[in-house]
Amino acid sequence: MKLHTIDTGLFKLDGGAMFGVVPKSLWQKLNPADENNMCTWAMRCLLVEDGNRLLLIDNGIGEKQDAKFRGHFYLHGDDTVEKSLRKLGFTASDITDVFLTHLHFDHCGGSVVRTPDDKLVLAFPNATYWSNEAHWEWAVHPNAREKASFLRENILPIQESGQLQFVNPAAGVPGALSQFSEIIFADGHTEKMMVPVMHYKGRTLAFMADLLPSTGHIPLPYVMSYDMRPLVTLSEKEAVLRRAAEENWVLLLEHDPTVEACTVQLTDKGVRLAETLRLADL
């Protein structure tokens with residue numbers, strides 16, 4: 001098995017929203033804001049190459065949204081899913097599985113593309129798309145606070161294609177996703193977000209999605225205002241980070257603007273950053 005980082009570009013989000021109740025005087029040191037209080041974040045995905053299977057975990061915002069939408073989030077950088085795959089010698093048609101940690105637009109927007117005649121089709125025509133039933137229902141029938149993050153054009157074409165499959169939390173990891181040793185389900189950020197865990201080159205790796213967006217979110221109170229259940233996030237994050245520290249996991253970071261991966265350690269102040277690293281260093 002080989003793992004590859006897939007960069008899909010950068011975007012900006014409000015620093016206060018990203019760090020919740022933490023004062024700007026503290027988080028500004030971690031990710032400096034611009035004059036509009038916006039901080040830069042990555043949309044870093046993961047490609048799992050395993051024999052004749054190519055599994056893509058998340059896929060960024062995509063390119064089908066209009067200029068007004070893109071302007072709200074200051075999309076920048078030259079990276080796209082297509083370019084990142086091409087650098088590795090692959091195309092979208094080679095992807096066999098797309099694993100969506102959750103259906104917020106910055107994680108699943110690249111799932112669907114708009115054709116020149118304004119039709120919405122799957123970006124990965126030969127892939128099975130993986131979600132779970134509880135999260136899918138949550139996204140299709142969203143609450144008013146989270147509705148702006150669940151865009152119908154990112155979601156409904158997947159179901160209409162017939163290529164959607166659900167992971168059953170009670171049944172363990174499906175055989176088709178045997179690259180994963182387990183899938184952690186987290187309910188703080190959104191209903192049943194999935195955090196895949198895998199073994200790679202003698203290490204345990206976890207793709208943290210929005211349970212841990214960046215190294216700046218390692219201290220427990222650093223919880224995003226985007227989270228639906230912040231106290232649940234705090235508890236879930238504490239459990240996973242403690243386990244990661246005790247078992248020396250490598251945590252793959254989707255949104256950290258500069259750090260691809262890190263390890264954590266137990267200290268008298270709680271779990272803290274141990275080291276930063278690149279996936280290629282493993």
Side-chain angles (χ1 to χ4, degrees), residues 1-9 42-63 77-102 106-113 121-132 158 161 163-167 172-184 193-212 244 247-256 259-263 276-282:
M1 189 167 74
K2 298 178 182 178
L3 301 184
H4 309 279
T5 295
I6 298 293
D7 293 309
T8 72
M43 290 176 286
R44 185 180 297 110
C45 306
L46 185 68
L47 183 68
V48 181
E49 182 184 359
D50 186 21
N52 61 356
R53 302 195 71 82
L54 273 179
L55 186 154
L56 180 64
I57 303 176
D58 285 354
N59 49 53
I61 283 181
E63 301 180 72
D78 296 326
D79 293 314
T80 66
V81 171
E82 184 181 12
K83 288 180 181 178
S84 293
L85 288 175
R86 194 183 308 129
K87 288 177 182 177
L88 296 169
F90 302 118
T91 69
S93 297
D94 296 322
I95 302 299
T96 61
D97 299 270
V98 176
F99 184 86
L100 300 170
T101 62
H102 60 300
D106 55 317
H107 294 258
C108 77
S111 298
V112 175
V113 296
V121 300
L122 296 193
F124 308 99
N126 300 316
T128 298
Y129 284 66
W130 294 91
S131 182
N132 66 79
I158 301 175
S161 73
Q163 293 170 229
L164 175 66
Q165 293 287 327
F166 289 142
V167 176
V173 178
L177 298 176
S178 59
Q179 297 84 3
F180 301 153
S181 58
E182 65 178 293
I183 299 171
I184 297 170
M193 180 176 70
M194 299 189 290
V195 175
V197 180
M198 62 206 85
H199 299 307
Y200 182 63
K201 295 188 176 181
R203 304 291 297 272
T204 299
L205 279 65
F207 186 83
M208 296 299 287
D210 280 344
L211 183 59
L212 187 73
E247 300 177 14
N248 195 30
W249 287 10
V250 174
L251 306 178
L252 304 176
L253 304 172
E254 191 157 6
H255 289 312
D256 195 298
V259 178
E260 283 189 11
C262 72
T263 59
T276 63
L277 61 154
R278 294 175 55 83
L279 187 58
D281 295 335
L282 295 179

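Predicted model, so just to flag it, every value in this text is computed and none were measured.
Aromatic pair Phe207/Phe99: centroids not less than 6.0 angstrom apart.
The side chain to side chain donor-acceptor pair (under 3.5 Å) test applied to Ser111 returns Asn59, not counting sequence neighbours. Under the side-chain contact (heavy atoms from CB on, under 4.5 Å) criterion, Thr128 pairs with Asp97, Trp130, Gln165, not counting sequence neighbours. When the salt bridge (Lys or Arg N to Asp or Glu O under 4.0 Å) test is applied to Glu182, the partners found at least two apart in sequence or on another chain are Arg243. Remark: Tyr129 engages no residue in a ring-ring contact (aromatic ring centres under 6.0 Å, His included) (not counting sequence neighbours). A search for side-chain contact (heavy atoms from CB on, under 4.5 Å) contacts involving Asn126 returns Ser93, not counting sequence neighbours. The side-chain contact (heavy atoms from CB on, under 4.5 Å) search around Asp281 returns Leu277, Arg278, not counting sequence neighbours. Listed by chain and number, the residues in a ring-ring contact (aromatic ring centres under 6.0 Å, His included) with Phe124 amount to none (sequence neighbours excluded). Qualifying side-chain contact (heavy atoms from CB on, under 4.5 Å) partners for Arg86, counting only residues two or more places apart in sequence or in other chains: Glu82, Lys83. Listed by chain and number, the residues in a side chain to side chain donor-acceptor pair (under 3.5 Å) with Thr276 amount to none (sequence neighbours excluded). Applying the salt bridge (Lys or Arg N to Asp or Glu O under 4.0 Å) criterion to Asp79, with sequence neighbours excluded, gives Lys87. Residues passing the side chain to side chain donor-acceptor pair (under 3.5 Å) test with Ser131, sequence neighbours excluded: none. By the side chain to side chain donor-acceptor pair (under 3.5 Å) test, Thr96 pairs with no residue at all, sequence neighbours left out.
Side-chain atoms of His102 and Asp58 include no donor-acceptor pair closer than 3.5 Å.
Within the 4.5 Å cutoff, the side chain of Thr5 has no heavy atoms near those of the Leu47 side chain. For the pair Asn248/Arg203, a side-chain contact is recorded, criterion being any heavy-atom separation below 4.5 Å from C-beta on. The shortest side-chain heavy-atom distance between Leu205 and Leu251 does not fall under the 4.5 Å cut-off.
The heavy-atom pair separating Val167 from Gly172 by the smallest distance is CG1-O, 4.4 Å. When all heavy atoms are compared, the tightest approach of Ala209 to Met194 is CB-O, 4.5 Å. Looking at every heavy atom in both residues, Val259 comes nearest to Asp256 through N-OD1, 2.9 Å.
Tested against Leu252 for a side-chain contact (heavy atoms from CB on, under 4.5 Å), the candidates Ile57, Leu46, Val195 yield a single pass: Leu46.
Checking side-chain atoms of Ser181 against main-chain N and O of Val197 turns up a donor-acceptor pair under 3.5 Å.
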